[in-house]
*Asks:* 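Have a look at this one before I ask anything.
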Amino acid sequence: MGEMFGPISLSVFDQLALIMQRGRVVDAQGGDTYLTADKARRMALPISFMSGGLNTLFNPESSLRTEAWLAQHNGPQWYRRRVMERYGHLDNFVGRDAARDVYPWVLAELERGDASP
């Protein structure tokens, strides 16, 4: 990592490990501080979830569960989700055909981002 990015803090990876172990988002100490009704209300804004269908690091089901949880609190009008079936973890950004298959969807979602539902 140091060769790729220079000096970085690795503590975020400890939190990511906790998240993966628990199967839900938790804070750095493992506390359930994010999945509250108050926090959900703060997320009543346009969010587009994107996942690679072949992503083995973060299963596409996790974005489906997140979208459903937020929609339960705020209504579904704020959220969109797309699974790029032939893509893995970072392929959505650096995959051979990402410019053709993924980027147009990302651009469309960014353009809708400041429009209320």
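Reckoned from all heavy atoms, side chains included, excluding hydrogens, waters and symmetry mates. This one's a predicted model, so the numbers in the text were calculated from it and none came from an experiment.
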*Asks:* Which residue pairs pass the side-chain hydrogen bond (donor to acceptor under 3.5 Å, both in side chains) test with at least one member in residues 13-22, sequence neighbours excluded?
*Replies:*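 side-chain hydrogen bond (donor to acceptor under 3.5 Å, both in side chains) check on residues 13-22 returns no pairs.
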*Asks:* List in chain and number order the residues that pass salt bridge (charged side-chain N to carboxylate O under 4.0 Å, His left out) with Arg41, two or more places apart in sequence or in another chain; answer none if no residue qualifies.
*Replies:*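 Partners of Arg41 under the salt bridge (charged side-chain N to carboxylate O under 4.0 Å, His left out) test: Asp38.
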*Asks:* Can you list, pair by pair, the side-chain donor-acceptor contacts under 3.5 Å of residues 99-106, counting residues two or more places apart and other chains?
*Replies:*
unit_1, atom_1, unit_2, atom_2, d
Asp101, OD2, Arg86, NH2, 2.7
Asp101, OD2, Tyr87, OH, 2.6
Tyr103, OH, Phe93, O, 2.5

*Asks:* Could you list all the salt bridge (charged side-chain N to carboxylate O under 4.0 Å, His left out) pairs where at least one residue sits in residues 56-79, not counting sequence neighbours?
*Replies:*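 Found none.
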*Asks:* Quick one: list whatever passes side chain to side chain donor-acceptor pair (under 3.5 Å) with Asn92, sequence neighbours left out.
*Replies:*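 Result, side chain to side chain donor-acceptor pair (under 3.5 Å) vs Asn92: none returned.
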*Asks:* For Pro60 versus Gly52, what's the shortest heavy-atom pair and its separation?
*Replies:*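 So the two residues come closest at CG-O, 3.3 Å.
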*Asks:* Identify the heavy atoms of Leu64 and Arg81 that sit nearest to each other, and give their distance.
*Replies:*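 Heavy atoms only, the tightest pair is N-NE, 3.2 Å.
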*Asks:* Who passes salt bridge (charged side-chain N to carboxylate O under 4.0 Å, His left out) against Arg80, sequence neighbours left out?
*Replies:*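 By the salt bridge (charged side-chain N to carboxylate O under 4.0 Å, His left out) rule, Arg80 matches Glu109.
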*Asks:* Taking all atoms of both residues into account, what is the closest heavy-atom pair of Tyr79 and Leu45, and its distance?
*Replies:*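 Of all heavy-atom pairs spanning Tyr79 and Leu45, the closest is CE2-O, 3.7 Å.
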*Asks:* Run the side chain to side chain donor-acceptor pair (under 3.5 Å) test against Ser11 and tell me which residues pass, sequence neighbours left out.
*Replies:*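 Here the qualifying residues are Ser9.
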*Asks:* So, using side-chain contact (heavy atoms from CB on, under 4.5 Å) as the criterion, who are the partners of Ala68 when residues are at least two apart?
*Replies:*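 Once residues adjacent in sequence are excluded, Ala68 has no partner under the side-chain contact (heavy atoms from CB on, under 4.5 Å) criterion.
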*Asks:* Taking ring pair (Phe, Tyr, Trp, His ring centres under 6.0 Å) as the cut-off, I'd like each qualifying pair that reaches into residues 43-72, sequence neighbours left out, listed once.
*Replies:*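 Those involving residues 43-72 are Phe58-His89, Trp69-His73.
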*Asks:* For a 4.5 angstrom cut-off between non-hydrogen side-chain atoms, does Met84 reach Asp91?
*Replies:*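 When only atoms from C-beta onward are counted, Asp91 and Met84 do not touch, as no gap falls below 4.5 Å.
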*Asks:* Does some side-chain heavy atom of Pro46 sit less than 4.5 Å from a side-chain heavy atom of Arg112?
*Replies:*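 The answer is yes, as the side chains (C-beta and beyond) meet within the 4.5 Å cut-off.
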*Asks:* Provide the closest heavy-atom pair for Asp32 versus Val26 in the form atom of the first, atom of the second, distance.
*Replies:*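 Asp32 and Val26 have their closest heavy atoms at OD1-CG1, 3.6 Å.
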*Asks:* Quick one: list whatever passes salt bridge (charged side-chain N to carboxylate O under 4.0 Å, His left out) with Asp27, sequence neighbours left out.
*Replies:*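 If we apply the salt bridge (charged side-chain N to carboxylate O under 4.0 Å, His left out) test to Asp27, skipping adjacent residues, there are no hits.
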*Asks:* Roughly how far apart are Leu16 CG and Leu10 CG, rounded to 0.5 Å?
*Replies:*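 If I round to the nearest 0.5 Å, the distance is 11.0 Å.
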*Asks:* Report the residues that fulfil side-chain contact (heavy atoms from CB on, under 4.5 Å) with Glu85, sequence neighbours left out, ordered by chain and then residue number.
*Replies:*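 Partners of Glu85 by the side-chain contact (heavy atoms from CB on, under 4.5 Å) criterion, ordered by chain and then number, come out as Val83.
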*Asks:* Can you pull out every salt bridge (charged side-chain N to carboxylate O under 4.0 Å, His left out) where at least one residue sits in residues 68-79? Sequence neighbours excluded, please.
*Replies:*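 Residue pairs with at least one partner in residues 68-79: there are none.
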